[in-house]
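Basis for what follows: all heavy atoms, side chains included, without hydrogens, waters or symmetry-related copies. Order of the sequence lines sets the chain letters (A, B, ...), proteins ahead of strands, with each chain counted from 1.
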Amino acid sequence: MFALVDCNNFYVSCERVFDASLQGKPVVVLSNNDGCIISRSQEAKDLGIKMGEPYFKRRRWLAEQGVRVFSSNYTLYGDMSGRVMEVLSNFTPELEVYSVDEAFLRLDGFLQQDLLTYSQTIQETIGRGLGIPVCVGIAPSKTLAKMANHLAKKKRQQSGGVWIISTEEEREQALKDVSIGDVWGVGRQYAARLQAAGVQTAWDLTQRSSDWVRQHLGGVVGVRLLKELQGKPCVQTALLQDKKSIACTRSFGKPVQDLTQLQEAVATYATRAAEKLRRQKSAAGAVTVFIHTSRFAPVEQYFRSITLELPVATDSTLELVQLAVDGVKKIFRPDIQYAKAGVILTELVPVQSIQADLFQVPTVVEHKGLMKAVDHINQTWGSGTVVLAAAGGQQEWQMLKGMRSRRFTTHWNDLLWVRC
DNA sequence: TCTGGGGTCCTAGGACCC
DNA sequence: TCTGGGGTCCTAGGACCC
């Protein structure tokens, strides 16, 4: 059996841990740059606020309703996520962290009744220890465990936040209770196509033949989904593995026209991406840089990107920043109002197995000591304590995040501020 | 005025090889 | 009239997830 443990309204719940006055109130957390609403407390959902709504459209209304609004504080959420996962790891020999707020636990050899009390213990332990409410779904496959978790949330009153699918009858009932668009792996496009073909619920899908599903649902992906719904596990999630690409992309706080400013932004993003790269002990063989206008603005649209290959893979911030800055110069066109830029590192390889050049010391080696020192300083004193001059000083393009809470658990100076 | 960011996998088709 | 068989690699695009 698999359990899926999923934190409720995760970002809002994190904010509530550090501010008791948020309990019982409508609260929302915004995406980067204060763009969209991406986490809502139950009270906010009850007010009719939708996932992904642009903040600016709702701003005044939210204020009128007394909704508490936060810019996103990913440093805090990431740290809280790590603590939740550590607690969960005590409950299973096999924990698969699936996303920032959810994880699969392998639970073999339990009786039905034991599963229920075990789930409640998990809920209580995380609730008491960390102040984060969670729901638990349990079933014989990951897709069904996702479905069970969905039902646990949907029928919170009845379920207490735990839902178990173990018997044939329970499986059939669950499949009939969940519409096809709510199935894990069925997005908007497929949902529309399936509904048009007469498939309304998960149960309807399981009544179709394997060949039919293969034709109508993305080939082998659909067939795997079908088996999972039948209770035969075959979906592998392997998110604990190293990333195959690493990106840092951001919208600007206000439009940018100036090449120097674009280069500063891109240098900053390349620095962040390089930090992530070194954390997983990889080196990049190629760097992609892009810049573009706002697709919502009624101006001439301009989308450009360039991919630069490295002769020898590297994890050096110095080299990656240089490449990114050179790249943006090549695709830059003046008189354009840029809204967003990004850096994507690809062709990642383990730093141990870099294909070296015969006549040159790889920068992975040459800059190793420097990078180690920089990472150490930034980890100890907070990211951004030391940066390259190429990242600029004023950073006028910085995204908006005026309503961010303090990074209570990770930043020494943020904590000090609270104490003072 | 103001609309996020970061990933994965699969498929089809083209180019190329023997 | 009739024009093989088997394979790899790469890329773009489309779908999905949180």
Side-chain N,O (Arg58(A)) to OP1/OP2 (dC2(B)) below 4.0 Å: no
Spacing of Glu53(A) atom CD relative to dT3(B) atom C1', expressed in whole Å: 11 Å
Between dG5(B) (P) and Tyr77(A) (OH): distance, integer Å: 15 Å
Residues which pass salt bridge (charged side-chain N to carboxylate O under 4.0 Å, His left out) with Glu309(A), listed by chain and number, not counting sequence neighbours: none
Test item: Gln280(A) side-chain N/O and Lys243(A) main-chain N/O as donor-acceptor pair under 3.5 Å: yes
Ser245(A), nearest nucleotide to its side chain (from dG5(B), dG7(B), dG6(B)): dG7(B)
Donor-acceptor pair between Ser71(A) and Asp34(A) side chains, under 3.5 angstrom: yes
Which pairs of donor and acceptor atoms, one on a side chain in residues 87-95 of chain A, lie under 3.5 Å apart (sequence neighbours left out)?
unit_1	atom_1	unit_2	atom_2	d
Ser89(A)	OG	Glu86(A)	O	2.6
Thr92(A)	OG1	Glu94(A)	N	2.9
Thr92(A)	OG1	Glu94(A)	O	3.2
Thr92(A)	OG1	Arg106(A)	N	3.4
Thr92(A)	OG1	Arg106(A)	O	2.8

Interatomic distance, Arg40(A) CZ vs dC18(C) C1' [rounded to whole Å]: 14 Å
Glu96(A)/Lys142(A) under side chain to side chain contact (heavy atoms under 4.5 Å, CB included): CA gap, chis, key distance, verdict: CA-CA 11 Å; Glu96(A) 260 184 88; Lys142(A) 286 177 183 161; 2.8 Å; yes
Geometric class of the Trp184(A)/Tyr98(A) ring pair [parallel <30°, tilted 30-60°, perpendicular >60°]: perpendicular
Watson-Crick and G-U pairing of DNA chain C written in dot-bracket, each distance under 3.5 angstrom, with | for inter-strand partners: ....||||||||||||||
Length of the CZ-P vector between Arg60(A) and dC2(B), whole Å: 18 Å
Contacts of type side-chain contact (heavy atoms from CB on, under 4.5 Å), residue Thr346(A), not counting sequence neighbours: Ser245(A), Ala286(A), Ile344(A)
Under 4.0 angstrom between Lys146(A) side-chain N/O and dC18(C) OP1 or OP2: yes
Position toward the 5' end of DNA chain B (nearest nucleotide), Val221(A) or Met399(A): Met399(A)
Sugar-phosphate only, base, or nothing, as touched by Asp101(A) at under 4.0 Å among non-hydrogen atoms: sugar-phosphate
dG6(B) OP1/OP2 closer than 4.0 Å to side-chain N/O of Arg250(A): yes
Lys/Arg-Asp/Glu bridge criterion (N-O < 4.0 Å) met for Asp326(A), Lys330(A): no
Touch class at under 4.0 angstrom, heavy-atom based, for Val183(A) against every strand present: sugar-phosphate
Glu228(A) CD - dC17(C) P separation (whole Å): 14 Å
Sugar-phosphate, base or nothing in reach of Tyr190(A), heavy atoms under 4.0 Å: sugar-phosphate
Between P of dG4(B) and CZ of Arg272(A), the distance in whole Å: 19 Å
All pairs passing side-chain hydrogen bond (donor to acceptor under 3.5 Å, both in side chains) where residues 253-262 of chain A contributes a residue, at least two apart: Gln257(A)-Gln337(A)
Distance below 4.0 Å between Thr249(A) side-chain N/O and dG4(B) OP1 or OP2: no
Atom-to-atom span, CG of Leu217(A) to P of dG14(C) - whole angstrom: 18 Å
Phe56(A) side-chain proximity, nearest of dG5(B), dC2(B), dC16(C): dC2(B)
Side chain of Arg193(A) - closest among dG4(B), dG7(B), dA15(C): dA15(C)
Nearest-nucleotide comparison on DNA chain B, the residue closer to the 5′ end among Ile246(A) and Phe296(A): Phe296(A)
Minimum-distance nucleotide (side-chain atoms of Tyr74(A) versus dC16(C), dG4(B), dG7(B)): dG4(B)
Length of the CH2-C1' vector between Trp397(A) and dC2(B), whole Å: 19 Å
Nucleotide nearest Ser99(A) when distance is taken to its side chain, options dG6(B), dC2(B), dC18(C): dC18(C)
Whether Asn378(A) side chain and Val386(A) backbone form a donor-acceptor pair below 3.5 Å: yes
Any donor-acceptor pair under 3.5 Å from Glu275(A) side chain to Ser383(A) backbone: no
Main-chain N/O of Cys234(A) paired with Glu228(A) side-chain donor or acceptor, under 3.5 Å: yes
Sugar-phosphate, base or nothing in reach of Val220(A), heavy atoms under 4.0 Å: sugar-phosphate
Sugar-phosphate only, base, or nothing, as touched by Arg188(A) at under 4.0 Å among non-hydrogen atoms: sugar-phosphate
From dT3(B), dA15(C), dC18(C), nucleotide with atom closest to Pro54(A) side chain: dT3(B)
Sugar-phosphate, base or nothing in reach of Lys244(A), heavy atoms under 4.0 Å: sugar-phosphate
Touch class at under 4.0 angstrom, heavy-atom based, for Asn32(A) against every strand present: sugar-phosphate
Options dA15(C), dG4(B), dC17(C), nucleotide nearest the side-chain atoms of Ile38(A): dG4(B)
Under 4.0 Å protein heavy-atom contact, by nucleotide of nucleotides 8-13 of chain C - B base, S sugar-phosphate only: ------
